[in-house]
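Sequence positions, counted from 1, serve as the residue numbers for this chain. Worth knowing before you read on, the calculation uses all heavy atoms, side chains too, and leaves out hydrogens, waters and symmetry mates.
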Amino acid sequence: MNAAPAPLRIGNASGFYGDRFDALREMLTGGPLDVLTGDYLAELTMLILGRSRLKDPGKGYATTFLRQLEEGLGLAHERGVKIVANAGGLNPAGLADAVRTLAEKTGVPATVAHVEGDSLPVPDGYLTANAYLGGAGIAACLRAGADVVVTGRVTDAALVTGPAAAHFGWGPDDLDALAGAVVAGHVLECGTQATGGNYAFFREHDARLLRRPGFPLAEIHADGSSVITKHAGTGGVVDIGTVTAQLLYETGGARYAGPDVTARLDTVRLTPDGPDRVRVDGVRGEAPPPTLKAGLTRLGGWRNEVVFVLTGLDIEAKADLVKDQFTDALAQAGGRPPAEVRWELARTDRADAGTEERASALLRLVVRDQDADAVGRTVSGAAVELALGSYPGFHVTAPPGKGAPYGVFEARPVPAAEVEHLAVLPDGTREVIEPAGRTRELAEVEEPPLPEPYPSGTPTRSAPLGLVAGARSGDKGGDANVGVWVRDDDAWRWLAHELTVERLKELLPETAALTVVRHVLPGLRALNFTVHGLLGEGVAAQARFDPQAKALGEWLRSRSLAVPVPLLAGVPLPEVTA
């Protein structure tokens, strides 16, 4: 009887372009690994790389990755670790050539391959257009003996599904195994968010552990199940909560679609597997949809921003005065005002404060227009000229500038059959990766039955939601998602019935006029909300104070509602800011 193959140990060393530079070295030297991945691409990153490529057509990739490999390439070779990263961005062939040059320079006998074909024809007025490819091209490169594989735009989870498929010999019909790898890949993709970073219940852990969380790794088994963990002795924590939080990050309903498989998040089972170890199994997979997601970026126009500092008494009246003065100054300057003018007063001030900063509020002005001149000197001049004739204590946080361009990200479906997915193998062979032979149109699942409601008549107390529930939020284009979870069945009986769409809109008034969809995931004791249109034209447009909705979940957790008293037993009271 053949023994089961050993688990494949896949680590992560980058959750975004700009993540901890030393992470690649730390992961290679911190413990055993088979594959080390790095995710460098986000919606905003593609726009940044697009502008970089305009200046130098030979670039368009994440140069940080190349600098990390100056030491990391030799370390990986010594330890027999394959490296897979999407740092190729808009120019994976160019990055592959640069890695080969580096290997020759350092004397490391590394074979390099890359994946391309994600680049699509760019429509007029756009800067970039790229399809999200799956992991099959990565798998082909690894099967051909590549030590380093760089890609352009692939799904974040493809960095894990590709190596796993190559190692275990999975084919396109091994849907459950692929789905398990997708879930593991989603947990790993954002680096230390799986090991205690950005974690709602951080106060429950030793602050010294969270000072420098270690990066995560997954021990993937032949059936697609995995154990999420980290190198021994590194900071951070891996438990059911940290893994749940990351599973909810930037996802939506029960069906999590990708080019390789649609993973059913409502089948995920999480169980403890020892200190800093969480087992992930039970994941079911379905055929992927016939379309791929395509991301397009363009320059949306020009924006400018001025932040006025209002100190002491009469904050609201000071804000009204400067808004009236600024409007009049624009009118006196002639010409038309910017197409969009937005004011936001943040009452960060405190009464009878012991420092000037704590006595101050911030009035933020943001203007946008298709014409750079409309948000440039006219706006900055109007702000500066108020300096000696406005509210008492007038000053701004920084001198007004001339304005800057902002970007827009759009997502569109594109038929998978129209995208040429290519694996360029170490010997230069160009292998065409065929799209999935079996597909299934994406549809929402029927809402699962809710648990029995929490006993009626139970005494309640007004308390912040976050005393009993965790949350994590993020962005997908112009939409935001907020995942909310609890940690025991009693709290789930309450949350599932209490936190409806209507209640969410009451707690988060910014969402009141928007379309909000609630998804129920009983296996995770979680609700996942998609808030359509909250972020306008996306993170690059910076239409909102928190343009990626990173803290939307924490705002929700801070809001008070009637919580059953038994659920608050033993819960420490929140900090109160005077």
Side-chain angles (χ1 to χ4, degrees), residues 9-42 44-45 48-49 52 59 61-89 95-96 98-99 101-103 105-108 110 112 147-151 156 159-160 163 184-185 187-199 202 205-219 228-238 242-243 246 249 276-277 550:
R9 297 163 298 191
I10 302 181
N12 171 279
S14 176
F16 69 100
Y17 192 10
D19 210 344
R20 206 158 80 210
F21 185 86
D22 292 338
L24 190 137
R25 184 184 193 282
E26 292 169 6
M27 288 300 289
L28 288 171
T29 60
L33 278 180
D34 300 304
V35 179
L36 184 58
T37 67
D39 181 8
Y40 293 79
L41 301 184
L44 176 61
T45 312
I48 293 170
L49 294 178
S52 168
K59 291 294 172 58
Y61 55 77
T63 55
T64 298
F65 172 71
L66 199 59
R67 291 193 291 116
Q68 289 173 305
L69 284 189
E70 290 177 3
E71 179 185 22
L73 195 61
L75 292 171
H77 175 70
E78 292 169 7
R79 290 159 173 76
V81 178
K82 307 285 188 180
I83 294 179
V84 179
N86 61 12
L95 179 57
V99 174
T101 299
L102 177 64
K105 178 182 175 182
T106 57
V108 178
V112 183
D147 299 311
V148 179
V149 181
V150 295
T151 77
D156 300 335
L159 301 175
V160 171
V187 174
L188 296 189
E189 70 178 67
C190 287
T192 54
Q193 278 197 171
T195 58
N198 302 350
Y199 182 51
F202 73 99
H205 299 286
D206 187 335
R208 293 170 296 181
L209 278 179
L210 299 180
R211 189 175 299 151
R212 189 179 174 86
F215 277 68
L217 65 94
E219 299 169 356
I228 306 299
T229 183
K230 62 187 184 67
H231 283 325
T234 57
V237 60
V238 177
T242 66
V243 174
Q246 181 54 29
Y249 180 65
D276 288 318
R277 293 175 63 85
K550 295 292 189 182

Between [X] and [Y], which heavy-atom pair has the shortest distance, and what is it?
X	Y	value
P163	I10	CB-CD1, 4.0 Å
C190	Y249	SG-CE2, 3.5 Å
L66	A98	CD2-CB, 3.7 Å
T195	P216	CG2-CB, 3.8 Å
I228	A218	CD1-CB, 3.9 Å

Atom [atom1] of [X] and atom [atom2] of [Y]: how far apart are they, to the nearest 0.5 Å?
X	Y	atom1	atom2	result
T37	N86	OG1	CG	9.0 Å
L69	I83	CG	CD1	5.0 Å
L49	L41	CG	CG	6.5 Å
N198	Q246	CG	CD	9.0 Å
L33	R9	CG	CZ	7.0 Å
T106	H77	OG1	NE2	10.0 Å

When you compare the side chain of [Y] with that of [X], does any pair of heavy atoms fall below 4.5 Å?
X	Y	answer
N12	M27	no
E219	T229	yes
V150	F65	yes
F16	D39	no
R79	L36	no

For [X], side chain to side chain contact (heavy atoms under 4.5 Å, CB included) partners two or more places apart:
X	result
D276	K230, V237, V238
S14	D19, Y40
E78	L75
K82	V35, L142, D147

Inset, instruction - List in chain and number order the residues that pass side chain to side chain donor-acceptor pair (under 3.5 Å) with T63, two or more places apart in sequence or in another chain; answer none if no residue qualifies. - result: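 Scan of T63 (side chain to side chain donor-acceptor pair (under 3.5 Å), adjacent residues dropped) gives Y17.
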Legend entry - side chain to side chain donor-acceptor pair (under 3.5 Å) involving R25 - partner list, sequence neighbours excluded: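 Partners of R25 under the side chain to side chain donor-acceptor pair (under 3.5 Å) test: E71.
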Legend entry - Test side-chain contact (heavy atoms from CB on, under 4.5 Å) applied to V108 and L102, L73, V99, the passing residue: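 The single option meeting the side-chain contact (heavy atoms from CB on, under 4.5 Å) with V108 is L73.
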Inset, instruction - Assess whether atom NZ of K550 is packed by more than 12 heavy atoms of other residues, nucleotides or ligands within 6.0 Å. - result: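 Yes.
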Legend entry - More than 12 heavy atoms from other groups under 6.0 Å of CZ on F202: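 Open.
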